[in-house]
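What follows is a single structure, written as structure tokens, with notes after it.
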Amino acid sequence: MSDAKLVYKDKEYPLPVVEGSEGEVAVDVSKLRAQSGLITLDPGYGNTGACQSSICFIDGDEGILRYRGYPIEQIATRARFTEVCYLLIYGKRPNAEELREFRVKLTRHTLIHEDMKKFYEGYPPGAHPMAIMAAMIASLSTFYPDTEESLDLNIIRMLAKVKTLAAFAYKKSVGQPFIYPRNDLSWTGNFLHMMFAVPSEEYVVNPVMEEALNLLLILHADHEQNCSTSTVRMVGSSDANLFASISGGICALWGPRHGGANQSVIEMLDAIQADGGNYRAFLDQVKDGNSKVRLMGFGHRVYKNFDPRAKLLKDAADRIFAQLGAVDPLLELAKRIEEEALRDEYFVKRKLYPNVDFYSGVIYRAMGIPTEMFTVMFVLGRLPGWIAHWMEQRNSDDNRIHRPRQIYTGENLREFEDLGTKHLSTKLGKGR
Ligand code: CMC
């Protein structure tokens with residue numbers, strides 16, 4: 001492929017062009033500064049490829065999403081979440097025996113160390129479960145060594161224990177005793193059991209809930225270089241251990257512009273409903289340039305046509321509601337808002353469509369999962385993607401520490417004058 005050229009101050013700099021397997025092209029600027037003194041400036045990295053990756057492919061204009069080459073529409077209806085974990089992390093589909101072994105390992109490592117249960121006691125009752133998750137995942141590194149030999153097992157531990165940690169965070173928030181995992185249940189069934197069982201009753205996993213959860217987790221499993229995955233790669237680039245890197249990803253996911261949007265969508269719908277359901281007035285606020293109010297669950301950096309995950313979830317929502325016998329005015333409200341927004345010039349012009357978070361929350365609600373746990377559900381789904389990216393980077397030939405540059409806009413050199421305050425007492429005076 002021929003080089004691109006940059007002309008600066010009458011000098012020409014050739015820039016190698018890199019082409020991906022789906023025909024995406026990029027100019028390689030990694031040597032540009034050494035050759036010309038120039039760096040590239042791209043706030044928010046909207047036009048920057050941070051790596052080459054073979055895990056996930058998105059074509060935002062066409063609404064295409066593929067994991068390791070397989071279309072999301074097929075994976076969503078034909079796979080179980082654990083198979084998707086395997087596919088993303090190890091780069092190939094497991095055969096029946098490999099999948100069985102993988103599932104056995106994931107089941108055997110679901111318990112957490114008993115000492116970790118004590119950590120939950122320290123949190124105040126209203127603690128957000130995302131804060132607990134980030135801390136608990138980082139804390140796993142205090143129990144399991146960060147060695148080359150333990151890496152495979154640490155990946156299994158992480159995938160197995162994350163659901164226990166999440167369910168315990170929920171149990172803590174409602175003041176109920178922790179429910180231990182059962183080895184006869186699937187990954188998803190075990191999570192539902194640890195969430196909803198109580199010691200005084202036998203809990204039978206509802207297959208509709210299990211199916212719904214399977215779909216939701218698969219749809220969240222990877223999404224190439226999004227904010228949290230880039231964070232995991234960024235933290236991992238310093239050779240930080242797997243648990244620490246994933247903990248960083250959890251913090252990045254929490255924000256309402258990213259995974260936290262699923263919680264914000266329900267809070268927004270609730271507020272509109274409580275205000276008499278006048279969604280048109282709400283959309284007017286969104287469109288008012290000065291209001292800073294956003295239609296949560298809408299818009300995406302990459303998708304400019306539709307988000308295939310949102311489409312699958314919208315279709316699934318009616319089915320899941322019917323199967324669970326659930327009724328929720330917020331589902332109808334969400335549909336009316338989508339309809340209205342999709343024919344409104346403001347949203348059409350900016351190519352704003354519902355994203356994965358627009359319908360996931362109403363489904364989680366129908367399943368009895370509380371709003372504050374929604375982003376934790378996103379963590380459960382995204383974990384295999386994070387691990388896959390962390391591994392890919394670690395094994396890549398250009399695994400350099402992530403260290404962007406900047407254009408400095410601060411003060412020029414100035415004198416730090418001695419104000420004679422060096423020995424000022426820090427003792428507070430009377431009356432202060
Ligand atoms: N409601 C109203 N206006 C919007 C919205 C929205 N949800 N999203 C973008 N815009 C407008 C924005 O005001 C801007 O308009 P203008 O050109 O007049 O200034 C234009 O669209 C472009 O927006 P942007 O902020 O430059 O786009 P971005 O690519 O930087 O941000 C986003 C992407 C997802 C952060 C943003 O669309 C947003 O805040 N959406 C709401 C939060 C949300 O649903 N997040 C979940 C994302 S999908 C799941 C995930 O990966 O986490």
Side-chain angles (χ1 to χ4, degrees), residues 42-48 55-58 60-61 63 65 67 72 130 216-233 248-269 271-272 279-314 334 337-364 371 374-386 389:
D42 181 19
Y45 309 132
N47 202 45
T48 294
I55 301 168
C56 181
F57 172 68
I58 302 177
D61 296 323
L65 169 62
Y67 298 161
I72 191 66
M130 281 297 276
L216 282 152
L217 296 178
I218 288 176
L219 293 182
H220 287 85
D222 194 41
H223 217 230
E224 48 120 305
Q225 310 307 319
N226 58 86
C227 176
S228 56
T229 303
S230 303
T231 302
V232 170
R233 291 185 84 121
I250 293 175
C251 293
L253 185 75
W254 191 359
R257 284 172 164 186
H258 191 10
N262 56 13
Q263 176 173 340
S264 307
V265 168
I266 291 297
E267 287 165 354
M268 172 190 80
L269 294 174
I272 298 171
Y279 58 91
R280 290 202 174 91
F282 177 78
L283 289 178
D284 285 342
Q285 269 185 57
V286 171
K287 292 187 283 176
D288 171 359
N290 301 318
S291 78
K292 303 264 183 257
V293 177
R294 287 204 163 186
L295 178 55
M296 299 310 287
F298 257 67
H300 198 275
R301 172 63 62 81
V302 180
Y303 292 120
K304 299 297 169 197
N305 183 342
F306 68 95
D307 178 340
R309 305 166 301 172
K311 216 167 171 205
L312 288 161
L313 279 179
K314 186 184 177 188
I337 291 176
E338 179 189 349
E339 232 175 85
E340 183 79 14
L342 292 187
R343 54 170 184 247
D344 187 297
E345 203 208 323
Y346 175 94
F347 296 93
V348 174
K349 202 172 116 200
R350 291 171 179 76
K351 300 188 173 166
L352 301 172
Y353 296 86
N355 58 50
V356 69
D357 292 318
F358 197 65
Y359 285 106
S360 61
V362 279
I363 303 178
Y364 285 133
T371 313
F374 290 178
T375 315
V376 173
M377 304 306 294
F378 201 147
V379 170
L380 301 186
R382 185 55 54 86
L383 184 61
W386 288 335
H389 282 272

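Both ligands and their constituent atoms are indexed starting at 1 by order of listing. Hydrogens, waters and symmetry mates play no part in the numbers below; they use all other heavy atoms, side chains included.
- Atom 49 (C) of ligand 1 has its closest protein heavy atom at D357 OD2, 3.2 Å.
- The shortest N/O to N/O separation between L352 and ligand 1 does not fall below 3.5 Å.
- The single protein non-hydrogen atom nearest to atom 40 (N) of ligand 1 is F298 O, 2.9 Å, given as residue, atom name and distance.
- An N or O contact shorter than 3.5 Å links G297 to ligand 1 by distance.
- Heavy atoms of N226 stay at 4.0 angstrom or farther from ligand 1.
- Side-chain atoms of S291 come within 3.5 Å of backbone atoms of D288 as a donor-acceptor pair (strictly under, hydrogens ignored).
- Nearest to atom 45 (N) of ligand 1 among the protein's heavy atoms is R257 O, 2.9 Å.
- Distance check: H389 NE2 to Q225 CD gives 5.5 Å after rounding to the nearest 0.5 Å.
- Proximity of P256 to ligand 1 is established by a heavy-atom distance of less than 4.0 Å.
- Closest to atom 33 (C) of ligand 1 among all protein heavy atoms lies R301 N, 3.9 Å.
- Judged purely by atom type and a 3.5 angstrom limit, D42 uses its side chain to pair as donor or acceptor with the backbone of N47.
- At least one protein heavy atom sits closer than 4.0 Å to atom 2 (C) of ligand 1.
- The pair E338-K314 counts as a salt bridge, with a side-chain nitrogen and a carboxylate oxygen less than 4.0 angstrom apart.
- Judged purely by atom type and a 3.5 angstrom limit, N262 has no side-chain atom pairing as donor or acceptor with the backbone of D357.
- Residue-to-ligand polar distances place L295 within reach of ligand 1: an N/O pair is separated by less than 3.5 Å.
- Annotation: the span from Q263 atom CD to M377 atom CE amounts to 13.5 Å, rounded to 0.5 Å.
- With distances taken over non-hydrogen atoms, the option nearest atom 34 (C) of ligand 1 out of A310, P43, G299 is G299.
- Evaluated by nearest non-hydrogen atom to atom 18 (O) of ligand 1, the leading choice among R350, K287, K292 is R350.
- Atom 13 (O) of ligand 1 lies below 4.0 Å from at least one non-hydrogen atom of the protein.
- M296 CE, 3.5 Å is the protein heavy atom nearest to atom 42 (C) of ligand 1.
- Contacts between V265 and ligand 1 below 4.0 angstrom, taking non-hydrogen atoms only, are absent altogether.
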Check against side-chain contact (heavy atoms from CB on, under 4.5 Å), L269 and I337: CA-CA 10 Å; L269 294 174; I337 291 176; 3.7 Å; yes

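- N355 places no side-chain N or O within 3.5 Å of a backbone atom of H300 that could act as its donor or acceptor partner.
- The shortest N/O to N/O separation between N355 and ligand 1 falls below 3.5 Å.
- H258 and S228 share a donor-acceptor pair across their side chains, judged by distance under 3.5 Å alone.
- No heavy atom of H223 sits closer than 4.0 Å to any atom of ligand 1.
- Per-atom contact check: atom 26 (O) of ligand 1 does not touch the protein, criterion being a heavy-atom distance below 4.0 Å.
- Inspection of the H220 and R382 side chains reveals no N or O donor paired with an N or O acceptor under 3.5 Å.
- If you check which protein heavy atom lies closest to atom 50 (C) of ligand 1, you get H258 ND1, 3.4 Å.
- Heavy atoms of Y346 found under 4.0 angstrom from ligand 1 belong exclusively to the side chain.
- Of the N or O atoms in R294, one or more lie within a sub-3.5 Å distance of an N or O in ligand 1.
- Ring geometry, F298 versus F347: the interplanar angle exceeds 60°, so the pair is classed perpendicular (tilted spans 30 to 60°).
- Aromatic ring centres of F306 and Y353 lie farther apart than the 6.0 Å criterion allows.
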